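Keep in mind the model is a prediction, meaning the values are calculated, not measured.
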Amino acid sequence: MIGFYLARIDVLSVYDQTTGKLLFEVPLLDDRFSLWYIHSIQLTPSYENFMVKNGKMILYETVYETVGVGLPSINEGSFYMKDGKMVMKLHREFKEILLRIYPKPDNSIVVRGKKFRLMNYAGSEDLIRLSIHKGYNPLYLIWQKVRS
């Protein structure tokens, strides 16, 4: 039981790349998150789905409602239709991700169904950095608070 409380989990950290300031963190209890945005030309939602393994973010799937200008058209991995959406399976590893924030695409991070709109944390055209680190299980942190 103690091992569960002391278990370290992956945490997604979002920083302002210019200042180095931590903007927010999200514990990844299932080691997965998505980058969500509205495609600037097609104006349809797009997901880039990631899993975390050994401190790296692995882009394993992209999901689009339509294909067209600026969307993948070359099959890098497997490509199929699911629930009326185009799904491309792939494998790209990242130690960190740099992302420029703009209001129109509504850049967001989605973790366990909860959407974190990046414009709520950074200004338009700010450059942010996503990275992974190990943190304590949130239950352990609550237990520490209660104990003190």
What's the spacing between N49 CG and E61 CD if we round to 0.5 Å?
4.5 Å

Please name all residues satisfying side-chain hydrogen bond (donor to acceptor under 3.5 Å, both in side chains) with S108, sequence neighbours left out, ordered by chain then number.
none

Euclidean distance, E93 CD relative to K95 NZ, rounded to 0.5 Å
10.5 Å

Check D126 with R100, please: is the shortest side-chain N to carboxylate O separation under 4.0 Å?
no

Between atom CG of D31 and atom CD1 of I58, what is the distance when rounded to the nearest 0.5 Å?
10.0 Å

Are L59 and L118 linked, directly or through other ILVMFWY residues, by side chains that come within less than 4.5 angstrom of each other?
yes

With side-chain contact (heavy atoms from CB on, under 4.5 Å) as the criterion, how do V52 and L12 come out once you've worked through the C-alpha distance, each side chain's angles and the decisive distance to 0.1 Å?
CA-CA 9 Å; V52 176; L12 175 64; over 6 Å; no

Sequence neighbours excluded, the answer for ring pair (Phe, Tyr, Trp, His ring centres under 6.0 Å) partners of F24 is F116, Y121

When you group the ILVMFWY residues by side-chain heavy-atom contacts below 4.5 Å and let the links chain together, are M57 and M88 in the same group?
yes

Run the numbers on D106 and W36 for side-chain contact (heavy atoms from CB on, under 4.5 Å), then give the verdict.
CA-CA 8 Å; D106 195 19; W36 181 93; 3.5 Å; yes

Nearest heavy atoms of I132 and G55, plus distance in Å
CB-O, 4.0 Å

Let me confirm one number: the CG-CD1 distance from L28 to I9, rounded to the nearest 0.5 Å.
7.5 Å

Might you work through the side-chain contact (heavy atoms from CB on, under 4.5 Å) test for T44 and I38, ending with a clear yes or no?
CA-CA 5 Å; T44 57; I38 298 293; over 6 Å; no

Quick one: do F94 and M51 end up in the same hydrophobic cluster if we chain Ile, Leu, Val, Met, Phe, Trp and Tyr together by side-chain heavy atoms under 4.5 Å apart?
no

Out of the candidates V11, V111, I109, D10, only one should pair with V26 under the side-chain contact (heavy atoms from CB on, under 4.5 Å) rule; please name it.
V111

Rounded to the nearest 0.5 angstrom, the CD1-CD1 distance for I128 and I101 is 3.5 Å

Output all residues satisfying side-chain hydrogen bond (donor to acceptor under 3.5 Å, both in side chains) with R112, sequence neighbours left out; order by chain, then residue number.
none

For a 4.5 angstrom cut-off between non-hydrogen side-chain atoms, does Y102 reach E125?
yes

Report, as yes or no, whether the 6.0 Å neighbourhood of atom CG on N54 holds more than 12 heavy atoms from other residues, nucleotides or ligands.
no

Do side-chain atoms of D30 reach the backbone of R32 as a donor and acceptor pair under 3.5 angstrom?
yes

With sequence neighbours excluded, residues passing ring pair (Phe, Tyr, Trp, His ring centres under 6.0 Å) with Y60:
none

Test side-chain hydrogen bond (donor to acceptor under 3.5 Å, both in side chains) applied to E96 - qualifying residues, sequence neighbours left out:
none

Just by distance, do the side chain of D83 and the backbone of K85 share a donor-acceptor pair under 3.5 Å?
no

Closest heavy-atom contact between S131 and Y15?
OG-CE1, 3.5 Å

side-chain contact (heavy atoms from CB on, under 4.5 Å), that's the test. Do F50 and L35 meet it? Break it down for me.
CA-CA 8 Å; F50 291 82; L35 293 179; 3.8 Å; yes

Give, for atom NZ of K115 and atom OG of S34, the distance between the pair rounded to the nearest 0.5 Å.
10.5 Å

Please evaluate residues S13 and E25 with respect to the criterion side chain to side chain donor-acceptor pair (under 3.5 Å), reporting the C-alpha separation (whole Å), side-chain torsions for both, the decisive distance (0.1 Å), and the verdict.
CA-CA 4 Å; S13 300; E25 295 183 313; 3.0 Å; yes

With sequence neighbours left out, the residues meeting side-chain contact (heavy atoms from CB on, under 4.5 Å) with Q17 are L98, L127, R129

